[in-house]
Amino acid sequence: MAASGRGLSRAMSASPCPAWRRTHWEAKGRLKPEYDAVVIGAGLVRRDEARPRLEEMGLSSQSHLGLAGRVVTFCWEVEGQEQSCFISEDNWAAYLQRLGVNTAVLERRHVIGGAAVTEEIIPGFKFSRASYLLSLLRPQIYTDLELKKHGLRLHLRNPYSFTPMLEEGTGNKVPRSLLLGTNMAENQKQIAQFSRKDAQAFPKYEAFMNRLALAINPLLDAAPVDMEALRQGSLLQRLKSLSTLTPLLQAGRILGVRLPQYYQVLTAPITKVLDQWFESEPLKATLATDAVIGAMISPHTPGSGYVLLHHVMGGLEGMQGAWGYVQGGMGALSDAIASSATAHGASIFTEKTVAKVQVSSGGRVQGVVLQDGTEVRSKVVLSNASPQITFLTLTPQKWLPKEFTERISQLDTRSPVTKINVAVDRLPDFLAAPSAIEGQPLPQHHCSIHLNCEDTDLLHQAFEDAMDGRPSHRPMIELCIPSSLDPTLAPPGCHVVSLFTQYTPYTLARGKVWDDQERNTYADKVFDCIEAYAPGFKGSVVGRDILVPPDLERIFGLPGGNIFHCAMALDQLYFARPVPLHSSYRCPLRGLYLCGSGAHPGGGVMGAAGRNAAHVVFGDLKSM
């Protein structure tokens with residue numbers, strides 16, 4: 001059954017979007033020759049392949065373009081596949097339109113959404129094929145764009161984390177498990193199975209981390225201090241830049257005398273931080289997964305604490321740290337943002353292409369040229385593409401300093417992620433929490449289910465395997481079943497399963513390549529691991545879609561498969577994102593801005609970079 005599904009899913013991945021997801025946002029009238037701003041979508045290549053010319057990167061010269069407000073949004077195409085990032089570019093269009101910038105969005109494909117899409121890869125099963133959970137989207141975006149009014153519905157998860165044990169040979173008839181949710185007393189009861197000391201410490205740890213998240217939160221919603229303006233800007237520019245220090249000062253006041261302890265959280269290995277709080281490995285390993293997920297780092301890597309913070313500082317509907325599913329899949333989020341944009345006057349065109357960005361003889365952006373030769377002039381260009389594509393491919397190199405482009409080409413874009421989307425004909429039945437009623441979702445089915453996560457040393461060994469050029473022997477697996485809360489995603493009795501797995505290297509050792517055989521060998525290994533925790537899982541598989549790092553790069557435009565466009569390492573954050581002196585969304589070329597995941601504060605279906613960049617651009621347009 002798995003074999004036949006495997007072939008089906010590979011064939012389906014290249015097919016057009018099914019009728020149920022064909023949302024056309026057709027604008028009335030024709031594309032005008034001039035707009036205020038152009039927003040470039042995304043397109044990504046591996047760091048070591050970045051070159052100024054498309055031909056050197058194996059890219060086609062096609063793209064998809066979306067005019068986002070007097071704004072153009074376009075995403076590059078690699079080998080016939082659309083490139084995009086983890087948040088709909090219509091976010092920026094909606095904001096620019098609301099700020100009074102007349103907005104039109106043009107899309108190469110017949111359907112909008114980028115990587116925040118829902119795709120029927122296997123007939124009857126609707127997958128959030130790339131991004132699959134929601135938490136980090138800034139709360140102001142929900143309010144400002146009235147997303148609920150425009151159809152967004154969420155399913156909050158409680159409990160939210162389930163870590164089953166294998167515990168073979170321990171004498172336990174039923175293996176233990178760790179189930180965490182919003183009820184602190186229940187959490188302590190669960191943790192006490194492994195350590196009473198840890199159960200008592202857990203509320204204090206949560207309060208400690210929540211305070212740090214509270215301090216960091218204002219930094220996400222403002223541009224970093226413009227160091228270039230401070231260094232050589234006018235007096236007015238310097239004063240404006242100094243005003244952006246306010247969130248930093250606020251953070252310092254919130255953290256107070258415990259600032260040194262919080263500094264350690266951001267800079268130390270997460271294992272060192274957790275060892276100071278807890279003694280039980282199942283709890284530490286479960287918490288450590290948030291410190292390494294999506295990152296080519298080990299729990300023993302210095303700075304891994306910030307990645308954990310990045311994944312706990314979100315929230316849904318006023319609930320700090322909550323994660324949930326979007327009803328209808330992640331594509332429904334893109335639809336809601338697009339609906340908000342059009343309601344405020346934005347026009348969205350589909351099936352358009354673009355060729356290049358134009359720069360005037362005076363060294364200022366002046367628009368784009370479409371593939372058919374049509375010129376679309378604009379005062380500014382915003383790029384939602386990766387820094388590499390933005391500055392090494394789309395921008396004429398003679399207008400950028402060599403030192404700047406060299407730094408862009410050196411960005412760390414390594415990714416450990418392989419995403420596997422699975423259709424099953426029944427729910428997995430875990431040995432550690434047997435299903436009482438067959439076919440009925442239980443609390444553990446709503447969670448992020450952590451497999452091979454009993455011990456932080458397991459996570460480190462999985463990382464070590466990948467550093468040797470081999471897929472992990474026991475990969476870290478985050479298994480989610482969104483259809484357990486949203487039955488619209490699968491036929492009756494069936495479910496969609498999302499497997500976010502690591503570690504898999506972009507480049508395999510011994511000259512191997514990620515062909516179908518290697519993909520399926522790795523997926524079989526993942527399924528064998530799941531089978532150990534939930535016997536019968538492999539027999540329930542109807543079909544699967546395997547996306548290794550090169551696939552995530554090729555299809556969704558994630559450089560090296562990196563879900564953040566470039567690593568969320570301390571040397572690539574805040575003042576230094578994407579590179580030092582150019583973290584305020586502006587770049588050395590006048591009129592060109594970066595507004596995607598490669599800009600502050602990073603990615604993860606957050607929307608903050610686009611919202612912040614839109615306000616920076618709006619301010620600059622007013623001063624023109």
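Only this structure's heavy atoms are used, side chains among them; waters, hydrogens and symmetry mates stay out. Computed from a prediction, not measured in an experiment: that's the story for all the values here. For reference, positions follow the sequence shown, starting with 1.
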Value for OG (Ser498) from CG (Leu489), rounded to nearest 0.5 Å, stands at 11.5 Å

Between Phe463 and Tyr503 (judged by ring centroids, cut-off 6.0 Å), do the two rings come close enough to count as a pair? yes

Can any side-chain N or O of Ser334 pair as donor or acceptor with the backbone N or O of Val117 at less than 3.5 Å? no

Could you tell me whether a side-chain N or O of Ser280 sits under 3.5 Å from a main-chain N or O of Pro282, the two making a donor and an acceptor? no

Using salt bridge (Lys or Arg N to Asp or Glu O under 4.0 Å), reason through Arg153 and Asp486 one step at a time and then give a plain yes or no. CA-CA 10 Å; Arg153 299 291 181 268; Asp486 181 6; over 6 Å; no

Side-chain donor or acceptor of Gln502 paired with backbone N/O of Pro475 under 3.5 Å: no

Mutual orientation of the aromatic rings belonging to Tyr262 and Phe208 [parallel < 30°, tilted 30-60°, perpendicular > 60°]: parallel

Qualifying residue, where the test is side-chain contact (heavy atoms from CB on, under 4.5 Å) with Trp323 and the options are Leu156, Leu136, Leu134: Leu136

When you measure from the side chain of Asn158 to the backbone of Thr182, do you find a donor-acceptor pair of N or O atoms at a distance under 3.5 Å? yes

Using 30° and 60° as the class limits, which term best fits the ring planes of Phe202 and Phe278: parallel, tilted or perpendicular? tilted

Taking all non-hydrogen atoms of both residues into account, name the closest pair between Asn452 and Leu459 and its distance. O-CD2, 3.8 Å

Any chance you could lay out the salt bridge (Lys or Arg N to Asp or Glu O under 4.0 Å) test for Arg554 and Asp551, step after step, and finish with the verdict? CA-CA 5 Å; Arg554 173 178 54 85; Asp551 297 323; 3.1 Å; yes

Find out whether Asp528 and Ile530 are in side-chain contact, i.e. whether some heavy atom of one side chain is under 4.5 Å from a heavy atom of the other. no

Taking all atoms of both residues into account, what is the closest heavy-atom pair of Leu152 and Tyr142, and its distance? CD2-CE2, 3.6 Å

Is a side-chain donor-acceptor pair under 3.5 Å present for Thr163 with Thr286? yes

Check: His445 and Leu442 side chains under 4.5 Å, non-hydrogen atoms: yes

How far does CZ of Phe527 sit from CD1 of Ile477, to the nearest 0.5 angstrom? 9.5 Å

Report yes or no: is the cationic atom of Arg157 (NZ for Lys, CZ for Arg) closer than 6.0 Å to the six-membered ring centre of Tyr325, at no more than 45° off its axis? yes

Polar side chain donor-acceptor pair, Glu279 to Ser195, under 3.5 angstrom: yes

Here the pair of heavy atoms bringing Pro505 nearest to Trp514 is O-NE1, 2.9 Å

More than 12 foreign heavy atoms under 6.0 Å from NZ of Lys525: is that the case here? yes

SG/Cys480 to CG/Leu133 distance, rounded to the nearest 0.5 angstrom? 4.5 Å

Under the salt bridge (Lys or Arg N to Asp or Glu O under 4.0 Å) criterion, do Lys538 and Glu531 qualify, and how do the steps go? CA-CA 6 Å; Lys538 291 197 291 186; Glu531 186 78 10; 5.5 Å; no

Could you tell me if Glu281 and Thr456 have a donor-acceptor pair between their side chains, going purely by distance under 3.5 Å? yes

Geometric class of the Trp277/Tyr205 ring pair [parallel <30°, tilted 30-60°, perpendicular >60°]: perpendicular

So how far is it from Asp455 CG to His460 NE2, rounded to the nearest 0.5 Å? 11.5 Å

Could you please spell out the steps behind the side chain to side chain donor-acceptor pair (under 3.5 Å) verdict for Tyr506 and Glu553? CA-CA 10 Å; Tyr506 186 101; Glu553 178 179 85; 2.5 Å; yes

Any luck finding a side-chain donor-acceptor pair between Gln320 and Asn210 under 3.5 Å? no

So, Lys419 versus Asn421: side-chain donor-acceptor pair below 3.5 Å or not? yes

Walk me through it: do His150 and Ser339 pass the test side chain to side chain donor-acceptor pair (under 3.5 Å)? CA-CA 6 Å; His150 292 282; Ser339 177; 2.8 Å; yes

Ser448 and Phe162: side chain to side chain contact (heavy atoms under 4.5 Å, CB included), yes or no, with the steps? CA-CA 6 Å; Ser448 287; Phe162 176 61; over 6 Å; no

Can you tell me if Ser177 uses its side chain to pair, donor with acceptor, with the backbone of Pro164 under 3.5 Å? no

List the residues meeting salt bridge (Lys or Arg N to Asp or Glu O under 4.0 Å) with Asp457, not counting sequence neighbours, and say none if there are none. none

Assess, by modelled atom type and distance only, whether the side chains of His495 and Ser483 contain a donor and an acceptor separated by less than 3.5 Å. yes

With rounding to the nearest 0.5 Å, note down the distance linking CG in Leu180 to OH in Tyr160. 5.0 Å

Given 3.5 Å as the limit, does a donor-acceptor pair link the side chain of Arg176 with the main chain of Gln193, or not? yes

Using modelled atom types only, decide if a donor and an acceptor are shared between the side chain of Ser472 and the backbone of Arg474 within a distance under 3.5 Å. no

With sequence neighbours left out, write down each residue that passes side-chain hydrogen bond (donor to acceptor under 3.5 Å, both in side chains) with Lys197, or none if nothing qualifies. none

Test His565 against Ser386 for side chain to side chain donor-acceptor pair (under 3.5 Å), laying out the working first. CA-CA 6 Å; His565 279 193; Ser386 73; 5.5 Å; no

Please assess Tyr533 against Leu166 for the test side chain to side chain contact (heavy atoms under 4.5 Å, CB included), listing each intermediate value before the final yes or no. CA-CA 6 Å; Tyr533 291 90; Leu166 287 179; 3.6 Å; yes

Has Glu478 got a side-chain atom pairing as donor or acceptor with His450's backbone, closer than 3.5 angstrom? no

Closest non-hydrogen contact found for Thr413 with Asn562 is O-CB, 3.3 Å

Counting N and O atoms only, with roles assigned by atom type, does the side chain of Ser304 sit under 3.5 Å from a partner on the main chain of Ile270, one being a donor and the other an acceptor? yes

Please round to the nearest 0.5 Å and tell me the distance separating atom CG of Leu451 and atom OG1 of Thr501. 11.0 Å

Ring centroids only, cut at 6.0 angstrom: are Tyr132 and Phe127 within range, meaning strictly under it? no

With a 4.0 Å cut-off, would you call Lys148 and Glu317 a salt bridge? yes

Looking only at atom types and distance, does a side-chain atom of Glu454 sit under 3.5 Å from a main-chain N or O of Met165, one as donor and one as acceptor? no

Show the nearest heavy-atom pair for residues Ala532 and Leu431, with the distance to one decimal. O-CD1, 3.6 Å

Modelled atom types, side-chain donor and acceptor of Asp465 and Gln461, under 3.5 Å: yes

Over all heavy atoms of both residues, which pair between Gly560 and Pro549 is shortest? Give the atoms and the distance, please. O-CB, 3.7 Å

Given side chain to side chain donor-acceptor pair (under 3.5 Å), test Thr418 with Arg519 step by step and report yes or no. CA-CA 9 Å; Thr418 288; Arg519 288 186 184 91; over 6 Å; no

Please examine the side chains of Gln140 and Asp221, heavy atoms only from C-beta on, and report whether any two atoms are closer than 4.5 Å. yes

Side chains of Ser540 and Asp425: donor-acceptor distance under 3.5 Å anywhere? no

